[in-house]
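Here the structure is laid out as structure tokens; the discussion comes afterwards.
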Amino acid sequence: MAGVSLQCGDCGALLKSVQEAQEHAELTTHSNFSESTEAVLSLVCTTCGKPCRSKTESDLHTKRTGHTEFVDKTSEATKPISLEVQKEAMDTEEALNALSTNQPEEMVVPEVDKKLLEELEAMGFTTARATRALHYSGNNSLDAAVNWIVEHESDPDIDQMPLVPVNSKTEDPKPSLTPEEIKLKAQELRDRARKKKEEEEKKLEREKEKERIRIGKELLEAKRIEEENERKRILALRKAEKEEERRAREKIRQKLEEDKVERRRKLGLPPEDPATVKPAAPVVEEKKSSLPVRPATKAEQMRECLRSLKQNHKDDDAKVKRAFQTLLTYIGNVVKNPDEEKFRKIRLSNQSFQDRVGALRGGIEFLELCGFEKMEDNEFLFLPRNNVDIAVLNSAGSELNSAINNPFFGAL
């Protein structure tokens with residue numbers, strides 16, 4: 001198959017003709033070229049008509065303009081490459097001499113249409129940028145030069161004056177636009193740029209609105225889950241309180257029954273008819289006594305400790321309630337700030353602590369159940385950071401809330 005392009009052996013670029021290869025060599029000083037059967041792509045943007053020579057160039061055009069539709073016209077534009085120009089230019093000996101000497105050619109600024117250059121400068125572009133745009137866009141129209149500037153505005157050499165060999169030829173400048181046409185074209189370009197900017201701003205605003213909606217939904221869902229968890233916690237707490245009240249009433253009833261039997265015995269009265277006595281309690285006790293003994297949980301130990309504290313000081317309900325509230329404050333501070341050592345360390349000799357908790361039998365024991373340990377010759381109660389168990393502390397808080405709010409707590 002005949003060659004349809006020239007490939008640079010240094011960078012791999014595909015070139016359509018010998019002239020393009022010469023220009024590539026002048027710009028890059030690459031000199032290793034060979035024929036290739038791989039055609040230079042001709043991808044034409046269906047939106048603006050810009051031709052792209054490679055997939056990389058089309059991807060860059062899509063990134064800059066947002067245009068995604070391209071028509072592949074490679075087969076229509078592909079022709080066998082002609083090397084006659086190279087053969088006529090120099091014979092083999094001259095080509096070897098030129099490659100061996102590799103003398104630099106004199107470089108000059110390319111000639112461009114002065115009227116088009118003035119029109120671009122009047123639109124605010126620098127002379128170097130306008131000259132480069134006219135030279136590389138074909139030096140044939142204002143629109144093509146502006147499009148070239150927009151597509152290459154991020155090039156590092158965009159504001160450097162282009163240079164070409166002295167012997168290179170530029171195309172004859174085409175007739176320039178009249179002043180009226182310049183004004184119309186400039187206005188059209190400004191309108192196009194403004195419209196493009198407005199579309200980009202609208203697109204950005206839509207994206208921001210979508211992000212706000214997404215974040216709002218996540219916040220609402222998180223709030224719903226938090227409220228649901230709080231509702232379940234309150235229900236569980238109420239259920240525990242009701243169960244505590246039921247057990248307290250049952251114990252009071254049994255105590256009354258026992259007192260009643262004892263009074264009848266002291267008065268010398270016969271016991272009540274067994275048929276009128278409810279057999280439920282003894283049956284339950286018998287069934288319970290047949291079950292294996294289950295070790296007390298941490299929550300049960302805490303509840304029993306608080307019940308013992310209240311019974312030991314049942315003559316001073318205000319003092320007991322203040323102790324419960326102080327313990328709840330200690331536990332709450334640790335749960336909220338587990339990394340703060342000041343909330344995990346209590347001086348036992350502190351007068352306020354002694355008045356509220358330390359002097360009451362069962363207060364220090366409750367803190368030890370929560371993980372506090374006596375340290376430094378029993379001078380401090382300290383809860384090590386690695387012993388902080390949020391679940392245990394939450395259970396302690398629940399038991400303290402029940403002890404404070406349940407009027408039947410510790411009745412017996």
Side-chain angles (χ1 to χ4, degrees), residues 4-5 11-17 20 23-24 27 38-79 112-113 115-117 119-126 128-159 162 171 173-178 180-211:
V4 293
S5 65
C11 64
L14 293 176
L15 307 160
K16 289 184 178 180
S17 62
E20 284 190 2
E23 293 177 356
H24 181 76
L27 292 173
E38 182 180 356
V40 178
L41 296 180
S42 179
L43 304 174
V44 181
C45 178
T46 58
T47 306
C48 63
K50 172 178 170 53
C52 299
R53 297 164 59 97
S54 66
K55 187 67 170 60
T56 302
E57 189 173 345
S58 65
D59 291 342
L60 186 60
H61 179 70
T62 299
K63 183 177 180 180
R64 288 174 175 170
T65 64
H67 303 164
T68 57
E69 298 293 332
F70 294 88
V71 177
D72 191 351
K73 295 187 178 181
T74 305
S75 58
E76 300 177 8
T78 301
K79 295 179 181 179
V112 295
D113 190 314
K115 295 216 177 212
L116 292 177
L117 180 62
E119 293 167 7
L120 287 172
E121 290 177 345
M123 295 173 65
F125 299 110
T126 63
R129 185 174 293 204
T131 303
R132 182 174 287 272
L134 287 171
H135 174 66
Y136 287 110
S137 65
N139 196 30
N140 53 12
S141 72
L142 186 65
D143 196 10
V146 172
N147 286 336
W148 190 93
I149 291 175
V150 172
E151 294 175 2
H152 295 80
E153 61 182 354
S154 61
D155 293 353
D157 57 353
I158 186 67
D159 288 316
E171 297 182 0
K174 295 189 177 180
S176 60
L177 302 175
T178 64
E180 293 297 330
E181 291 175 334
I182 291 175
K183 291 182 181 179
L184 291 175
K185 179 61 70 174
Q187 183 62 36
E188 179 184 349
L189 292 174
R190 282 194 293 270
D191 292 342
R192 188 186 304 171
R194 178 180 54 79
K195 185 178 180 181
K196 181 180 179 181
K197 184 177 180 181
E198 290 177 353
E199 290 177 353
E200 290 177 353
E201 289 177 351
K202 289 181 180 178
K203 183 178 179 182
L204 182 61
E205 187 61 30
R206 287 195 297 270
E207 293 296 328
K208 288 183 179 179
E209 184 64 23
K210 289 180 181 178
E211 183 67 12

What closest approach, in Å, do [X] and [Y] show between heavy atoms, and which atom pair accounts for it?
{"X": "Ile149", "Y": "Ala133", "answer": "CG1-CB, 3.4 Å"}
{"X": "Phe70", "Y": "Cys52", "answer": "CE2-SG, 4.0 Å"}
{"X": "Val44", "Y": "Gly49", "answer": "CG1-O, 3.8 Å"}
{"X": "Ser141", "Y": "Leu134", "answer": "O-CD2, 4.5 Å"}

Quick one: side chains of residues 193-201, donor-acceptor pairs under 3.5 Å with protein atoms, not counting sequence neighbours, listed by atom name and distance.
| residue | atom | partner | partner atom | Å |
| --- | --- | --- | --- | --- |
| Arg194 | NH1 | Glu198 | OE2 | 3.1 |

Can you confirm whether [X] sits close enough to [Y] that some side-chain heavy atom of one is under 4.5 Å from a side-chain heavy atom of the other?
{"X": "Leu142", "Y": "Met123", "value": "yes"}
{"X": "Tyr136", "Y": "His152", "value": "no"}
{"X": "Leu120", "Y": "Thr131", "value": "no"}
{"X": "Leu189", "Y": "Asp143", "value": "yes"}

[X] [atom1] to [Y] [atom2] distance, which is reported to the nearest 0.5 Å:
{"X": "Thr68", "Y": "His61", "atom1": "OG1", "atom2": "NE2", "result": "9.5 Å"}
{"X": "Asp159", "Y": "Thr126", "atom1": "CG", "atom2": "OG1", "result": "4.5 Å"}
{"X": "His67", "Y": "Thr47", "atom1": "NE2", "atom2": "OG1", "result": "4.5 Å"}
{"X": "Arg132", "Y": "Phe125", "atom1": "CZ", "atom2": "CZ", "result": "15.0 Å"}
{"X": "Leu41", "Y": "Asp72", "atom1": "CG", "atom2": "CG", "result": "6.5 Å"}

Under a 3.5 Å distance rule, please check whether Asp113 uses its side chain to pair with a backbone N or O of Lys115 as donor and acceptor.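 Present.
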Would the distance check show the side chain of Ser137 and the main-chain N or O of Trp148 forming a donor-acceptor pair, the cut-off being under 3.5 Å?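 A pair under 3.5 Å: no.
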Answer yes or no: are there more than 12 heavy-atom neighbours, outside Gln187 itself, under 6.0 Å from its atom CD?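 Counting neighbours around CD of Gln187, more than 12 heavy atoms of other residues, nucleotides or ligands fall under 6.0 Å, so yes.
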Restricting to side chain to side chain contact (heavy atoms under 4.5 Å, CB included), what partner residues turn up for Lys208, sequence neighbours left out?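 Checked Lys208 against side chain to side chain contact (heavy atoms under 4.5 Å, CB included); matches are Leu204, Glu205, Arg212.
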With sequence neighbours left out, write down each residue that passes salt bridge (Lys or Arg N to Asp or Glu O under 4.0 Å) with [X], or none if nothing qualifies.
{"X": "Lys203", "result": "none"}
{"X": "Asp59", "result": "Lys55"}
{"X": "Glu211", "result": "Arg214"}
{"X": "Glu188", "result": "Lys185, Arg192"}

